[in-house]
Amino acid sequence: MSPERFSGPPPLLVGVLPHQHPEVLKTATSLAAKLAAPLLCAYVDEASYLVEWDPTRSAHRLSLHPDKDDDDIRSVTTELRAVIAGAVADAATSATPVDWTLRTLAGDPGRALARLAAENNSPMIIVGTSERGLTHRISELLNGSVGLWLTHHQSRPVLVVPCRRPAHQDEA
């Protein structure tokens with residue numbers, strides 16, 4: 001897959017999810033505006049998986065990038081595009097507009113984000129922390145933390161944006 005075509009510096013990579021805490025995109029777009037860098041947003045469809053491997057461990061292009069004609073993927077990406085456009089509009093100033101794009105990937109979120117960052121020479125990966133609640137805790141227990149995996153398995157800086165309120169405002 002060829003890198004995204006942005007003019008200027010390489011893009012900051014941000015992992016996005018439906019119903020994600022807005023602080024993640026707010027932080028990513030603000031940072032992109034300050035650095036005059038484009039924003040490469042990536043949604044990883046965990047329901048898709050990599051199936052076509054060759055002996056050199058490179059994956060077939062179609063298994064890395066889910067079918068965009070799938071109705072479920074289309075509805076998720078339509079929602080995400082609206083949320084990203086709103087965050088970019090809020091963070092950008094007239095002097096520093098933020099160029100952005102959304103990519104949909106398949107497979108393990110940490111590995112997919114690391115692979116996309118390498119393909120695009122992204123200087124940083126931005127992700128959010130896990131949400132509260134039993135369902136999110138069980139998911140993290142079974143699947144692991146994306147931010148933790150990224151910080152341990154690749155060489156790019158990882159910015160993990162906290163989604164919780166400050167401790168003095170926390171309600172247990």
Query raised in the report: If you round to the nearest 0.5 Å, how far is CZ of Arg103 from CG of Leu13?
Result: 9.5 Å

Query - Heavy-atom pair with the smallest gap, counting every atom of Tyr43 and Leu102 - result: N-CD1, 4.2 Å

Query raised in the report: Transitively linked via ILVMFWY side-chain contacts under 4.5 Å: Leu150 with Leu148?
Result: no

Query raised in the report: Any side-chain heavy atom of Gln154 within less than 4.5 Å of one from Arg111?
Result: no

Report summary line: Here the pair of heavy atoms bringing Ile125 nearest to Ala117 is CD1-CB, 3.7 Å

Query raised in the report: Can you check whether Gly15's main-chain N or O pairs, donor with acceptor, with Gln20's side chain at less than 3.5 Å?
Result: yes

Report task. Looking only at non-hydrogen atoms, find the nearest pair between Pro123 and Pro11 and report the distance. Result -> CD-O, 3.3 Å

Query raised in the report: Partners of Pro22 by side chain to side chain contact (heavy atoms under 4.5 Å, CB included), sequence neighbours excluded?
Result: none

Report task. Without swapping roles, check the side chain of Ser30 against the backbone of Lys26 for a donor-acceptor pair under 3.5 Å. Result -> no

Query raised in the report: Looking at CG of Leu12 and CZ of Arg156, how far apart are the two atoms once the value is rounded to the nearest 0.5 Å?
Result: 11.5 Å

Query - Verdict with reasoning, Val127 to Val158, per side-chain contact (heavy atoms from CB on, under 4.5 Å) - result: CA-CA 8 Å; Val127 294; Val158 177; 4.2 Å; yes

Query raised in the report: Are Ile126 and Val161 close enough, and set up right, to give a side-chain contact (heavy atoms from CB on, under 4.5 Å), and what steps lead you there?
Result: CA-CA 7 Å; Ile126 303 164; Val161 180; 3.8 Å; yes

Report summary line: What one should report as the nearest heavy-atom pair of Pro9 and Ala37 is CG-CA, 3.9 Å

Query raised in the report: Do the non-hydrogen side-chain atoms of Trp100 and Arg81 ever get within less than 4.5 Å of each other?
Result: yes

**Report entry** Distance-minimising heavy-atom pair for Pro18 and Glu79
**Finding:** CB-OE2, 4.0 Å

Report task. Go through Leu31 and Met124 one step at a time and tell me if the side-chain contact (heavy atoms from CB on, under 4.5 Å) criterion holds. Result -> CA-CA 11 Å; Leu31 187 57; Met124 178 185 294; 3.7 Å; yes

**Report entry** Sequence-distant partners of Ala112, side chain to side chain contact (heavy atoms under 4.5 Å, CB included), two or more places apart
**Finding:** Val44, Leu105, Arg115

Report task. Locate the shortest heavy-atom distance separating Thr29 from Val88; write the atom from each residue and the value. Result -> CG2-CG2, 3.6 Å

Requested in this report: Check for a donor-acceptor pair, side chain of Asn120 on one end and backbone N or O of Ser122 on the other, with a separation under 3.5 Å.
Outcome: no

Query raised in the report: What do the steps show when you test Val16 against Leu25 for side-chain contact (heavy atoms from CB on, under 4.5 Å), and what is the final call?
Result: CA-CA 8 Å; Val16 295; Leu25 271 174; 3.9 Å; yes

